[in-house]
Each structure stands twice: as C-alpha cells, then as structure tokens.
J.: 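Sharing a structure, written as structure tokens. Questions coming.
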Amino acid sequence: MPNKPGVGEAFRRFCDELFPPPTDPAQLATRLTFDSNPFEELKDADGLPEGDLTDKMIAIVESKGLAPGLRLCYCGNRPDPAMIDSERQKSDAAFYRESSAPTDSKPHWADQLLPWEFKRGRKDRKDADPYVDGPGPADVSPVIVGEGVKSRGQIITYGECVMAVQQRLSVFMPVVVGRRIRFIRWDRSGSIVSQAFDYYEHWEFFCDVLWRISQLSDAQLGIDPTAERILLSNPLYKAMNDAAIALPSDVDHAERILAKGEFPEPPFIFAYVRKMFRDSLVEHWPRYRLQVPDGDETRYFLVCKPDFRAKGLSGRGTRGYVAFDCETKRFVWLKDAWRAHYRMVEKEGDVLAQLNAAKVNYVPTLVCHGDIDNQDTLTPSWWERTQKEAPRTSTFLTPQLPAHVPAFSATSLSSYKRKRDEYDGQDERAGTPTPKGMGKSGTLFQEDCPMRLHRHYRLVVEEVALPLRDFMHGGQLVSIIADCVYAHWKACTDANILHRDVSGGNILILPTHVKMETGAECVIWMGMLADWEMSKPLILVDRPREPRQPERTGTWQFMSVAVLSNLKDGVEICDELEAFLYVLIYYAIRYLKSNHGGVSIALFLDNFFDTYNFDDFDDCYICGDAKEAAISKGKLRDVMFSSPMDTVIKELLGWLQCLYRVTAYERAQKKNPPPPPTSSAAPQAAPMLPRPKVSEDLAPSVFIARPRGANAAPTEEEFEYATMVRDHKATYHYLRQSASGSEWLQDKAGDQVPADWKIPDKLCDRTVESARRGTGSFKKAKISGR
C-alpha cells in the first residue's frame with residue numbers, strides 16, 4: 001500500500017488487520033494501477049449535494065473497476081417490503097457480489113455486503129459526520145450535538161438491519177462526508193471506528209483499500225460461515241415449503257377435555273407450531289441451514305425469519321426461530337445469541353442439562369447446543385489493546401452518551417436502552433443504564449472495559465412455546481405463572497440453580513397433552529420457565545461469591561426494588577418471587593379488563609416499569625417511584641380488576657411489604673445496634689416466627705401493617721408474613737389455590753396499549769440532574785412495538 005503522508009498510522013493498521021491484502025497470484029493480478037487521480041470529479045465534493053456525491057462516487061467506482069467482483073449500487077430509490085424492514089430504511093448505496101447485485105435501486109438488505117452512507121461535506125467541518133477526529137493520531141469521538149448525532153443514529157440502524165436480516169458476525173460500513181471517508185466495523189460488543197482521511201488527496205491509498213475489500217471472502221467481510229444460505233434452486237428450499245404445509249393430523253392446541261380417541265398417538269404436531277414455521281417463510285427473507293454442535297457431532301437446522309429478535313445492534317442479539325430439524329424432520333426451537341463470554345458463566349445448554357437431569361418440571365428440554373466456531377466479538381480486545389498502547393486516551397461514559405473509545409476505537413451502542421417488547425432479555429439487561437458497577441476489584445474481567453465480550457452460541461430445545469401474551473383469562477395467567485414458580489422452586493432445591501432473570505419474555509405457554517389419574521385426557525396450557533443463561537448456583541461450593549460479568553443482570557422492568565436500589569449484593573429467591581409478581585401485574589394490567597384503558601394503561605405501565613431515579617452518591621440508576629410505592633404501601637394505586645386478581649396482587653404485595661419492613665429493620669439494627677441491656681438477663685433472639693404451614697387448599701390473608709415510625713420494630717405478624725416470600729412454598733401454593741378458584745371469568749380484553757402509543761414529550765423531557773435533585777423519576781422513552 002502506498003505510504004503517502006497524511007493517512008494516519010492507526011488507519012493503516014485498521015486496514016492491514018481488517019482488510020488484509022491477498023497473497024494468491026490470481027487475486028493480485030486483479031489490482032489496477034492508475035496514472036492519474038480517478039476521483040478528479042470529486043475534487044470539490046465538499047460543496048456537492050448528497051445525491052450528487054453519491055452518484056459520482058458510484059459512477060467512479062463502477063466505471064474504473066476499483067472493486068473487481070463487487071458492484072456498488074444505489075439503494076435510495078424505494079425501501080424493501082415492510083416484512084423485511086418495518087422501518088422502511090434506505091441506505092444510500094451498498095457493495096454486493098456481482099451475482100446478487102440488484103437493479104431496482106432498493107436496499108435488498110439480505111444481500112448487502114457493505115452498506116455505504118453519504119453525507120454532504122462543508123469546508124467549515126460543521127457537517128453531518130457522526131464522529132469527530134481529535135488531535136492525536138488515533139483520536140475519534142462520537143459527536144454529541146448537531147446533525148452528526150442524527151447521522152450516527154441513522155448508520156447504527158442500517159448496521160442493525162443488516163445484522164437482523166442476515167447471519168452476521170460483523171458489518172463494515174464506509175461513511176463518506178464530502179471529500180472525507182472513514183470506515184466502521186460493527187459487532188455485538190460495539191464498533192471500531194477509523195479516523196477520516198481525504199480520499200481525493202490520498203486516492204492511491206483509497207483505491208488500494210477498495211481493491212483489498214473486493215478480494216476478501218464473505219467470512220472476512222463478517223458473514224457467518226456456519227450459516228449456509230439456501231437459495232431457490234437448493235432442494236432444501238422446497239423441503240422447507242413442504243414442511244410448512246398443514247396436515248390433517250395436526251392437533252388443535254385449544255385448552256379442553258378431549259373426547260375419546262380425539263388425540264393421535266405421538267409423535268404429533270400442534271397446529272400452532274407448524275403455523276409459526278409457515279409464517280416464518282417470508283418472501284425475500286433469506287433462508288439458512290444453521291450448524292449447531294452436538295457433542296463431537298454437528299447437527300443442521302433450517303430457519304427463515306426469526307419469531308423473536310432482540311432489538312439493538314450491540315448486545316446479545318438474541319433471535320429465536322421455529323426451526324426444522326434436518327435429522328428428525330421435527331420442529332424445534334432454536335436460539336441464536338451472542339452470550340456473555342466470561343469465566344464462571346455457564347452455557348445455557350449446560351444449565352438445562354442439569355435441570356433435565358434433576359427432572360425439574362416446566363423447563364425446556366435440551367436437544368443440542370454449543371459455541372459456534374469460537375466466534376468472539378473483536379471490539380473489546382481491540383479496546384484493551386489500544387488502551388495499553390495509548391493509556392491517555394479518554395473514554396466517554398455518561399448517561400446521555402454510550403461508551404466510546406477513541407480511534408482505532410470502540411463504541412458500545414445500546415448501553416442505555418431497556419427492553420420492552422417481550423422482555424427477552426435478551427439484550428440489554430438490568431445493568432443498563434448504569435455508568436458504574438462494571439465490576440469490583442478481584443473480578444475475572446477487565447473492570448474498566450465499557451463493553452462486554454460476547455461469543456456466538458446456539459441452543460436447540462424440543463418445545464416450541466407460545467408467548468405469555470396469548471393467555472386466555474386471568475385465572476389461566478395465574479396458573480401459568482404458578483407453574484413457573486414451581487420450576488424455579490425445584491431448580492433451587494433439586495439442582496441448586498437460581499434463574500436470576502424472571503421476566504415476561506422468559507415465561508412461556510406450552511400446550512400439553514395430559515392424561516389424568518381418572519383416565520380422562522386434556523390439553524392444558526402449562527407454564528414454561530425459559531432463558532436460563534443468566535442463572536448461577538444458588539449455593540457456591542469451594543469458591544467465593546463474586547461477579548461473573550461487568551454488569552448487573554436481570555430485566556430492569558421486573559427486577560426487585562431491593563436489587564434495583566442496590567440494597568443487597570446479589571439476587572435472592574425473594575427477589576425472583578417479587579419479579580414473578582411484577583410479571584403478573586404487567587400482563588394483568590395490559591391485557592385484562594380493569595377500571596383503566598388505553599392511554600391510562602400505557603401511562604401506568606411506563607410509570608411503574610420504565611422509570612428510574614439516580615443515586616448521586618453511588619453514581620448509578622435505581623428503582624423508580626411507582627414500583628417503590630407499591631411495595632411500601634402494599635397495593636397498586638387506583639387499579640381494580642373486579643376479579644380474584646385484585647386479591648392475588650394485594651395479598652402478594654402485602655407479603656412483600658412485610659418483607660421489606662423486616663429487612664429494613666434488620667439492616668438498621670446491624671448498622672446501629674441497640675445499647676446493651678441494663679439487666680443481667682440473657683439477650684432474647686429476634687422475634688422471627690416459624691413460617692406458617694400453607695396447604696394447597698388454604699393460604700392465610702396477609703396482615704397489612706399501619707404506618708409507624710421508621711425505627712419501630714416490625715410486629716410479630718409482619719415477621720410472620722415476611723417469611724412467606726423468603727422461599728417458594730407459600731407463594732406457589734397461594735397462586736395454585738387462587739388459579740383453581742371458580743370465580744375467574746373470561747376477563748381478557750386484548751392488548752389495551754394503543755398501537756401508536758408514544759410517551760408525551762413532556763414526560764420524556766427530563767434530565768439526570770432532575771433525578772439527582774429528587775424531583776421525581778426519570779423516564780426513558782419506551783421502545784415501540786412492544
């Protein structure tokens with residue numbers, strides 16, 4: 001590569017490592033040489049409109065053959081269909097292989113190799129460049145004001161779209177701003193951003209970069225080599241179509257008592273499972289044959305559009321598929337994710353194997369799983385290396401700006417976004433947002449690294465379940481959650497495993513064929529507690545308790561008040577039981593008939609689940625006011641269902657109210673122990689009463705304590721009811737008893753949050769400073785499309 005002055009050494013290293021030159025003589029022969037600058041028409045590019053800049057760059061690259069084997073095509077005419085990209089985005093241009101280059105000026109996200117973005121340049125540099133270069137040889141920072149902020153959000157969404165539609169390890173993106181160009185490499189940990197250079201002045205260097213890119217393999221350009229694209233001519237394409245055709249033997253999954261002989265002998269397929277697979281075969285969405293390790297063997301599964309996708313470009317990027325097993329010809333559930341890769345963090349499949357071996361009910365059944373070809377995100381290691389080489393470079397880690405490491409640089413993209421949708425946790429969890437808490441001294445990860453290390457992982461389980469939102473009535477909702485409480489209970493007692501991420505997306509519905517003791521047969525909708533990847537041993541043996549990842553874990557909306565407010569070091573059983581209650585509250589309010597509706601329900605959900613306060617002393621985000629008030633008062637404010645749901649929620653909130661009062665008193669006693677007694681009598685033990693016996697037929701009504709002084713000792717009743725949520729037994733039996741009552745009605749009203757609901761601007765126009773001043777909870781705008 002010509003060593004012409006003016007192109008930073010950091011960028012040369014970027015190209016040498018990420019765009020290595022070929023060594024094959026046949027490839028070397030494709031390199032062209034020029035006697036004059038091929039970009040002469042772009043000498044005044046800083047003054048060109050964006051459209052003219054785009055057209056001229058495409059014309060030059062294409063006519064001069066600067067990227068042999070690739071086509072640079074214009075993409076800004078019309079968007080792809082909404083089933084491919086619901087946001088209807090259009091990148092300005094993109095590199096494609098010649099065999100798949102489009103001619104209709106649409107993005108064709110499924111085929112893009114490198115999306116390009118063009119922005120008009122200005123000589124005063126007050127342009128739309130999403131990054132700004134500093135004085136150092138490797139200084140790059142994201143802009144925080146002006147048009148560049150919008151530009152950065154735009155290119156992030158393009159990168160996310162490519163990652164969502166394709167099977168990708170990373171995405172490269174050139175960003176052209178007038179006469180300058182920089183390159184970005186996205187992966188699930190963040191981005192590596194080069195400094196910009198003047199491609200007109202350093203045209204030989206730029207031509208060499210384009211040629212190198214054209215000679216890279218698909219894998220070098222970030223396409224997953226373990227995912228085989230299934231084209232129309234492939235016999236597997238037809239096999240997928242055939243598997244999607246409904247058969248007379250498919251079974252209705254409606255909950256019911258079965259007539260004699262109505263149910264076929266196993267193996268059978270529920271109709272909803274085949275329909276989910278059929279619905280995934282979306283036209284123009286790419287189909288793949290995915291590899292999944294199975295011990296020393298490899299199994300293959302056919303997938304198309306995911307049934308679930310976690311939004312965001314960085315994070316675990318979880319996608320869930322109804323997949324077709326090439327070996328058994330059965331439908332299974334395949335989870336593709338980038339798991340947090342740290343020592344002491346077990347693979348989810350290993351956890352499920354333990355649960356299955358312990359015969360824990362209401363959990364998925366493992367088929368196979370494993371890390372995929374040791375595919376790790378590059379960005380964290382790149383960050384660590386650049387910090388060793390340039391220890392003075394600054395990092396940005398503020399509530400308003402995601403972490404960014406300068407040039408040769410790495411950027412964490414979605415650190416401050418909370419899940420709503422189906423709370424898959426899948427990305428990002430409770431550690432977001434939090435400017436501190438990345439770890440403590442002695443942990444097994446680099447605590448100052450602002451991004452997680454992720455490793456590509458796939459998991460296959462037998463069960464294809466329904467989302468919790470599909471429950472039919474309030475009693476069924478309670479029963480499904482009771483099943484999952486039981487699974488959680490037995491996982492703790494029989495397998496020594498604590499889930500640590502109870503959320504709405506991890507509680508699923510599994511229609512099940514059941515033979516009763518009487519001989520009758522039924523289809524019953526049972527609960528299934530899924531997503532065990534954040535679990536850990538409840539009792540650690542032969543090693544100290546310590547963080548395993550540089551963030552708190554869990555789903556913010558469903559985490560306990562105590563964990564959100566940093567009142568304890570880790571998650572306990574009582575915190576998980578509290579999370580189950582929040583799942584019940586969320587789905588009851590959103591989907592059941594109540595004295596609220598429409599906008600008022602949307603506002604309640606946002607206030608209760610999506611707000612937070614800021615602890616200035618610890619410099620971190622903590623629980624919002626509405627959830628904290630529900631615990632302190634032992635009730636929901638102004639919500640009535642006129643059904644047994646009112647009693648269930650009030651009862652469980654009352655138990656938690658007593659628990660918090662008791663634990664607060666115990667903390668105060670430890671911090672300020674009472675003075676020694678004046679008498680010679682031996683000190684008495686704290687009045688912790690034995691947990692009352694709770695049968696499946698009867699659970700006591702809770703005692704709701706009247707407000708008293710903050711330092712007053714809890715009553716005996718409060719101590720008693722606090723024990724009800726220290727383990728599972730009372731909660732499970734109470735939920736099971738409540739669900740079996742005869743008072744439940746068909747009370748589901750459907751999703752009552754308006755489809756176009758957005759938080760009013762006045763509710764979002766808050767700052768972290770206002771949260772610090774205690775002027776109410778800070779509200780994050782929710783992600784649309786929940």
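Index from 1, following the sequence.
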J.: Minimum heavy-atom separation for V583 and S503, please, with both atom names.
T.: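 Residues V583 and S503, closest heavy atoms: CG2-C, 3.6 Å.
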J.: Could you tell me whether F558 and Y582 have their ring centroids closer than 6.0 angstrom?
T.: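 Here the rings of Y582 and F558 have centres that are no less than 6.0 Å from each other.
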J.: Please find the pair of heavy atoms, one from L355 and one from A495, that lie closest to each other, and give the distance.
T.: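 Reported closest heavy-atom pair: CD2-CB, 3.9 Å.
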J.: Any sub-3.5 Å donor-acceptor pair from H341's side-chain atoms to R455's backbone N or O?
T.: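 Side chain of H341 to backbone of R455, a donor-acceptor pair under 3.5 Å: no, none is there.
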J.: May I ask you to test the E572-L498 pair for a side-chain heavy-atom distance under 4.5 Å?
T.: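 Contact flag for E572/L498 side chains = no.
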J.: So do the side chains of L581 and I481 get within less than 4.5 Å of each other, counting heavy atoms only?
T.: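 Side chain of L581 against side chain of I481, heavy atoms only: no contact under 4.5 Å found.
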J.: Work out which heavy atom in L659 is nearest to a heavy atom in C574; give both atom names and the distance.
T.: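 Closest heavy-atom pair between L659 and C574: CD2-CB, 3.7 Å.
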J.: Should Y486 and L529 count as side-chain neighbours, where that means a heavy-atom distance under 4.5 Å?
T.: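 With C-beta onward as the side chain, the pair stays apart.
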J.: Could you check whether any side-chain N or O of E578 sits under 3.5 Å from a backbone N or O of V561, counting only pairs where one atom can act as donor and the other as acceptor?
T.: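 Side chain of E578 to backbone of V561, a donor-acceptor pair under 3.5 Å: yes, one is there.
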J.: Check D376, D373, D336, D371 against H456 for a side-chain hydrogen bond (donor to acceptor under 3.5 Å, both in side chains) and give me the one that passes.
T.: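 Result for side-chain hydrogen bond (donor to acceptor under 3.5 Å, both in side chains) with H456: D336.
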J.: Please test D494 against K359 for salt bridge (Lys or Arg N to Asp or Glu O under 4.0 Å), starting from the C-alpha separation and ending with a verdict.
T.: CA-CA 8 Å; D494 297 354; K359 300 188 185 310; over 6 Å; no
J.: Are the side chain of Y457 and the backbone of A340 linked by a donor-acceptor contact shorter than 3.5 Å?
T.: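 Pair absent, no side-chain N/O of Y457 close to backbone of A340.
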J.: Checking the side chain of N356 only, and the main-chain atoms of P364 only, is there a donor and an acceptor separated by less than 3.5 Å?
T.: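 Side chain of N356 to backbone of P364: a pair is present.
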J.: Distance only, no hydrogens: is a donor on one side chain within 3.5 Å (strictly under) of an acceptor on the other, for D187 and T377?
T.: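 Result is no, nothing qualifies.
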J.: For L313, is there any backbone N or O sitting under 3.5 Å from a side-chain donor or acceptor partner on R188?
T.: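 Between the backbone of L313 and the side chain of R188 there is a qualifying donor-acceptor contact (under 3.5 Å).
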J.: Is it true that H499 and D531 share a donor-acceptor pair across their side chains at a distance under 3.5 Å?
T.: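 No donor-acceptor contact under 3.5 Å links the two side chains.
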J.: Taking the six-membered ring for Trp, are Y734 and W655 closer than 6.0 Å centroid to centroid?
T.: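 Between Y734 and W655, the centre distance is under 6.0 Å.
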J.: Quick one: list whatever passes ring pair (Phe, Tyr, Trp, His ring centres under 6.0 Å) with H488, sequence neighbours left out.
T.: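 Scan of H488 (ring pair (Phe, Tyr, Trp, His ring centres under 6.0 Å), adjacent residues dropped) gives F580, H728.
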J.: So, do W333 and D307 sit near enough that their side-chain heavy atoms are less than 4.5 Å apart?
T.: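 Touching, per the 4.5 Å side-chain cut-off.
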J.: May I have the step-by-step check of side chain to side chain contact (heavy atoms under 4.5 Å, CB included) for M526 and N361, ending in yes or no?
T.: CA-CA 10 Å; M526 295 184 172; N361 293 327; over 6 Å; no
J.: May I have the step-by-step check of side chain to side chain contact (heavy atoms under 4.5 Å, CB included) for R299 and V460, ending in yes or no?
T.: CA-CA 10 Å; R299 294 180 63 170; V460 179; over 6 Å; no
J.: Of all the heavy-atom pairs spanning S560 and V563, show the shortest one and how long it is.
T.: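 Closest approach of S560 to V563, heavy atoms only: OG-N, 3.1 Å.
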J.: So, using side-chain contact (heavy atoms from CB on, under 4.5 Å) as the criterion, who are the partners of A164 when residues are at least two apart?
T.: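 Listed in chain order: R309.
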J.: Under 3.5 Å, side chain of E160 to main-chain N/O of G312, donor-acceptor pair present?
T.: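 Yes.
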J.: Which heavy atom of R736 sits nearest a heavy atom of A482, and at what distance?
T.: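 For R736 versus A482, the nearest heavy atoms are NH2-CB, 3.7 Å.
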J.: Closest approach of A323 and F301, non-hydrogen atoms and distance?
T.: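 Closest heavy-atom pair between A323 and F301: CB-CB, 4.1 Å.
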J.: If we ignore hydrogens and angles and just use 3.5 Å, is the side chain of Q291 paired with the main-chain N or O of Y300 as donor and acceptor?
T.: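 Pair absent, no side-chain N/O of Q291 close to backbone of Y300.
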J.: Are R661 and E718 close enough, and set up right, to give a salt bridge (Lys or Arg N to Asp or Glu O under 4.0 Å), and what steps lead you there?
T.: CA-CA 8 Å; R661 184 167 181 82; E718 287 175 317; 3.3 Å; yes
J.: Decide salt bridge (Lys or Arg N to Asp or Glu O under 4.0 Å) for D224 and R458; before the verdict, give the C-alpha distance in whole Å, the side-chain angles of both, and the deciding distance to 0.1 Å.
T.: CA-CA 13 Å; D224 182 3; R458 291 189 183 122; 2.8 Å; yes
J.: Going by the rule side-chain hydrogen bond (donor to acceptor under 3.5 Å, both in side chains), which residues pair with T365 if we only count those two or more places apart in sequence or in a different chain?
T.: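 By the side-chain hydrogen bond (donor to acceptor under 3.5 Å, both in side chains) rule, T365 matches E463.
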